[in-house]
Amino acid sequence: MEEFYVKFDRVLRAAFQYGVMAAPVRSDSDKLFEDFAHYRKFVSACHRGFEKAQHTVLEMLKENANDVSLTSYERKRRELLLRKVIDGIVFTLLKQKTYVTRRVSLHDEAPNLDFSTIDAVVKVADRLNREDRMTFAALADLTTFVHIGDLIRIDRRRGKDDLSFIEVKEGAVNKIVAQQIEKYAPVPESLDQIKRDVAIDPRHVKQAQRMQRQRIRFQQTAEVLRDDSGTDIKTGRPFRMNRQLINEVHYQETFNERAELALREGASAFTVNYCLHFGMSAHEVMRDRIRSARVNAAFGLFETQKGAEAGLKAFYDANDASGGLGRAAYQLSNVIHNQLMAVPATPLFCWGVSRDVIDAIIRDRLAIYCMVDVSALLFVIQQAGLLPSLATRAETMKFAGENTGALPQFGGRAIRIRHPKLPGEQLIMGGAFARFINNLHSPFHYFLKVQEHWHEIFGATGAGDQTSTPR
């Protein structure tokens, strides 16, 4: 078992430290790269590290899949940890732009690994990466969140980050079909045209449509990333992003401090914006570790309720009254499990926490739980200048039935927000909660920015058939 962790440590060093070790950056943040030669040396070294890590991760994933000594839980946990390293590489290449990661995800969970396909694709990746070290092609299938194309490539040769998705066409049939569909524009209407195309062998029509759908997704993704509007590849609906980038305010530092405290003292607790209560434990026995973390999260809730100011207390009183959510207002979750399963999310290796904390997480020696406190969250939304409320169960069911994507519900009811002066309303989707826990993003600052950009998100009338979201 220790051999796995030794190799994993080498992978992390290659993925996230290789560039700095080979070409140290300047101490002055305004002059990190004083000349292009230094910049090229640094980027080239990073890309070499990425390639070493990518090869080792693939090797370790194969070993993991064939290791019959592991429980199914441990095998899956190791697989996701390894794939999160590749997520971290791609996330770094994308300069940690979370809105880009959301645009390239099609599924709600990481697709299964097909090593025969990946082995063919890695040869193409290696060839592309040898062309110039200012480019890097990552294996999309090794990530948890890139669900279009076989490769995602960053090209920095022209002084900017050119992003592209590459479909590797292996086999005689694929090559023939690829040539046949080139005449069709990458638009949804072309799928029916391909179905009626007599030039395509009936045995290959479904394959042609599959390949055309991939071309359509490439085009739709490129349009959204270029224009901030277009068609969402997951829902197939018109989509518009807020042109103002909402800079995330994180609580990474507090998270790291409390995690290190738990490693030293055995347990710790802290609360973010009244509404996220974290409990951490490094107890030697897993069962006791989990119990301790859960108890500490509940302790954070108790302390917040005990010291609640008048405005917050009013929300707690409303929850306890008839018609309130009662216990359904408090939902406890395993933070690390959620992080590993989440698609997409800021990879835990990009959280900015210490190596000691990362090592404890990797070795499953640190339990972290979070209790979402809906009453306090409603108060936080109000403090950010918005009007919070709970949608009725009927409204929640209707919305969930008409829309794709996760809609967090508490006692069968979703959280709704409105602006005090401007039209429009929104139910809070799963993506927002993912920011709060998986990305360590402050709920208060998120809603504050939503309030500030409300007009752009919803327009002058608050109506329209487009889905809109802050970046």
Side-chain angles (χ1 to χ4, degrees), residues 3-27 29 32-64 78-97 100-101 118-119 121-146 150-157 159-164 166 346-359 361-362:
E3 181 182 356
F4 172 84
Y5 296 118
V6 171
K7 291 182 71 173
F8 200 100
D9 185 65
R10 290 202 296 265
V11 166
L12 291 181
R13 291 178 186 277
F16 305 115
Q17 298 179 26
Y18 205 85
V20 173
M21 291 189 294
V25 297
R26 306 290 190 257
S27 59
S29 60
L32 289 176
F33 302 105
E34 294 181 325
D35 55 69
F36 184 76
H38 180 221
Y39 171 72
R40 183 180 178 88
K41 182 179 180 182
F42 175 78
V43 171
S44 298
C46 288
H47 290 178
R48 282 194 297 273
F50 293 161
E51 187 174 44
K52 288 177 180 290
Q54 183 162 257
H55 275 276
T56 307
V57 165
L58 178 55
E59 173 190 317
M60 293 178 70
L61 283 168
K62 291 178 180 178
E63 293 172 352
N64 182 67
R78 290 187 179 189
E79 176 195 314
L80 291 174
L81 281 170
L82 287 164
R83 295 177 74 174
K84 288 292 179 178
V85 174
I86 307 301
D87 284 0
I89 289 173
V90 174
F91 195 65
T92 301
L93 290 170
L94 296 175
K95 296 185 176 179
Q96 303 196 8
K97 296 176 180 177
V100 177
T101 66
I118 295 171
D119 285 341
V121 174
V122 73
K123 295 176 183 177
V124 179
D126 289 345
R127 176 174 56 79
L128 292 174
N129 290 334
R130 284 194 299 267
E131 285 182 4
D132 193 309
R133 285 300 176 185
M134 291 299 285
T135 74
F136 184 74
L139 298 169
D141 286 355
L142 291 190
T143 72
T144 67
F145 69 86
V146 182
D150 296 310
L151 296 169
I152 177 171
R153 191 187 197 198
I154 295 290
D155 188 339
R156 295 189 168 109
R157 286 176 289 189
K160 60 180 182 177
D161 298 339
D162 289 329
L163 175 67
S164 62
I166 301 170
T346 298
L348 63 95
F349 305 112
C350 300
W351 274 355
V353 297
S354 70
R355 282 301 301 269
D356 287 342
V357 173
I358 288 294
D359 186 63
I361 291 173
I362 292 169

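These numbers come from the heavy atoms of this one structure, side chains and all, not from hydrogens, waters or symmetry mates. What you are looking at is a predicted structure, and each value in this text was computed from that prediction instead of being measured.
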Euclidean distance, F8 CZ relative to T56 OG1, rounded to 0.5 Å: 11.5 Å
W351 to I361 - nearest heavy-atom pair and separation: CZ3-CD1, 4.5 Å
Side chain to side chain, D141 and V121, heavy atoms closer than 4.5 Å: no
Residue pair H55 / D126: nearest heavy atoms and the distance that separates them: NE2-OD1, 2.9 Å
Exceeds 12 heavy-atom contacts within 6.0 angstrom, atom NZ of K7: yes
Crowding at NZ, K123 (>12 non-hydrogen neighbours, <6.0 Å): no
Candidate pair L348 and V353, rule side chain to side chain contact (heavy atoms under 4.5 Å, CB included), full reasoning: CA-CA 8 Å; L348 63 95; V353 297; over 6 Å; no
C46 versus G19, closest heavy-atom pair with distance: SG-CA, 3.6 Å
Trace of the side chain to side chain contact (heavy atoms under 4.5 Å, CB included) decision for I86 with L139: CA-CA 8 Å; I86 307 301; L139 298 169; 5.8 Å; no
Backbone N/O of N64 and side chain of E79: donor-acceptor pair under 3.5 Å: no
Interatomic spacing from CG in L81 to CZ in F4 - rounded to 0.5 Å: 6.0 Å
Step-by-step side chain to side chain contact (heavy atoms under 4.5 Å, CB included) determination, R13 to K52: CA-CA 10 Å; R13 291 178 186 277; K52 288 177 180 290; over 6 Å; no
Test log, rule side chain to side chain contact (heavy atoms under 4.5 Å, CB included), inputs I154 and H47: CA-CA 10 Å; I154 295 290; H47 290 178; 5.6 Å; no
Minimum side-chain heavy-atom gap R355-Q17 below 4.5 Å: yes
Pair up each side-chain donor or acceptor in residues 90-97 with any protein partner under 3.5 Å, not counting sequence neighbours, and list the distances.
{"residue": "T92", "atom": "OG1", "partner": "G88", "partner atom": "O", "Å": "2.7"}
{"residue": "K95", "atom": "NZ", "partner": "D161", "partner atom": "OD2", "Å": "3.1"}

Separation of D132 CG from S44 OG (nearest 0.5 Å): 7.0 Å
Nearest-0.5 Å distance that lies between atom CG in L61 and atom CG in L82: 4.5 Å
Within 45° cone and under 6.0 Å: R78 NZ/CZ vs Y5 ring: yes
Within-4.5 Å side-chain heavy-atom neighbours: R153 and L128: yes
Interatomic distance, R156 atom CZ to M134 atom CE [nearest 0.5 angstrom]: 7.0 Å
F136 side, atom CZ; R48 side, atom CZ - distance, nearest 0.5 Å: 12.5 Å
Partner of P347 by side chain to side chain contact (heavy atoms under 4.5 Å, CB included), out of T144, I89, D87: D87
Polar side-chain atom of R83 near backbone of T143 as donor-acceptor pair, under 3.5 Å: yes
Residues that E51 engages under salt bridge (Lys or Arg N to Asp or Glu O under 4.0 Å), provided they are two or more places apart: R133
D155 side chain to D162 backbone, donor-acceptor under 3.5 Å: no
Heavy-atom side-chain contact between V124 and D150 under 4.5 Å: no
